[in-house]
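Notes to accompany the following structure.
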Amino acid sequence: MPELPEVETVARRLSTVLSGKVIQGVSVLREKSFQGDPSRLTGLTIKSVSRRAKIISINFHEDIKIIVHLKMTGQLIYFSKKEKIGGGHPSQDWVSKLPSSHTRIVMDLSDGAKLFFNDMRVFGWWKVVSGEGAELEFQKYGPDVNTDAFSLEYFLSKLPNRRVSIKQVVMDNKVVAGIGNIYASEALFLAKIDPTRATNSLSKKEVTRLFPFLKKVIEDGINAGGTTFDGKYVDVFGFAGSYQNQLKVYGQDGENCKICKSIIEKVKLGGRGSYFCPSCQK
DNA sequence: AATTATGTTGCGGT
DNA sequence: AACCGCAACATAAT
């Protein structure tokens, strides 16, 4: 479910509530969701929480990390009876009722707070790894879209041999990490480029036009706290993001284009639903 | 009631 | 290498 903005939002908010806390124990309710030995974590103090690509990293003072991938439906939900959450907002009611039938892992903190990993489809995972192990995982990905390492020159260099659609390449996390199905559709709309275009048919001028919009949609997504619909993505306190209010094409098939009033169309690219305005995007 | 869709990635085969 | 189809799994919507 989450793309870079959602994962970044979760990592930032987790860091504020988890840093400095001591793990009392980690309970694995579904074996498939956890790789490693959970007992190694008991007694460790959490140093920080960070993000690389769509992976969350819970960091300790020792050479050990918990890396977490939410895949399609993973959620990390923090609950503490004592603290007022998120600057004084009370937790959502359903948060206080966890664990649910979709809860796969529970982390207990020594102050009584809990971190729940809910994952309906069980694609997501936690792995206990060394710093080196985390690096090996991160090396599978290209540069994060919101970093200087993802430059126009680099992007241009990755495109010439690709015959598949530009949307598929933008979503290829070995090329650039962090862009998923929603933000890919949105960036291509803003750049007025047809997502079905063969990548090697784009001119340098078109790639140059697209490039800053890849950064913009991700930045705007982070600033909005991510995209939520059907209540599937929520932050660590159970609250929705707001980027869904800025979506121009994703999920808008059959609606009027916000620019030209044409009907937004949906096609399948690489097996994924893809939305675009056939009039604005060429 | 069966088929199809879902915000992700990895695999095996061509 | 790049690409394609399918796989992991659970649920809601047609």
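The sequence lines fix the lettering, A, B, ..., with proteins before strands; numbering per chain opens at 1.
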Of the candidates C/dC3, C/dA2, B/dT6, the side chain of A/M72 sits closest to B/dT6
Just to confirm, is there a sub-4.0 Å distance from OP1 or OP2 of [N] to any side-chain nitrogen or oxygen of [X]?
X	N	answer
A/R163	C/dA1	no
A/K232	B/dG7	no
A/K266	B/dT6	yes

Answer yes or no: is there an ion pair linking A/E137 with A/K127, defined by an N-O contact shorter than 4.0 Å? yes
Can you tell whether the side chains of A/R104 and A/D119 come within less than 4.0 Å, N to carboxylate O? no
Across every strand shown, the nucleotide meeting Watson-Crick or G-U wobble geometry with B/dG7 (both distances under 3.5 Å) is none
Pairing nucleotide - C/dC9, Watson-Crick or G-U, each distance under 3.5 Å: none
How close or far is atom [atom2] of [N] from atom [atom1] of [X], stated in whole angstroms?
X	N	atom1	atom2	value
A/R52	B/dT9	CZ	P	12 Å
A/D172	B/dT9	CG	P	10 Å
A/K174	B/dT8	NZ	P	14 Å

Please work out if [X] contacts a base, only the sugar-phosphate, or nothing of the nucleic acid, heavy-atom cut-off 4.0 Å.
X	answer
A/R162	sugar-phosphate
A/G273	sugar-phosphate
A/K268	sugar-phosphate
A/N173	sugar-phosphate
A/T227	base
A/F229	base

Side chain to side chain contact (heavy atoms under 4.5 Å, CB included), paired with A/R13, selected from A/V236, A/L76, A/L18: A/V236
Closest to the 5' end of DNA chain B, once A/Y141 and A/R121 are matched to their nearest nucleotides, is A/R121
In terms of the nearest nucleotide of DNA chain C, which residue is placed more toward the 5' end: A/K32 or A/H102? A/K32
Would a 4.5 Å heavy-atom cut-off, applied to side chains only, mark A/T103 and A/L29 as touching? yes
Measuring only between side-chain heavy atoms, which start at C-beta, is A/I179 closer than 4.5 Å to A/L4? no
Using centres under 5.5 Å plus planes under 30 degrees as the test, is A/F123 stacked with C/dA8? yes
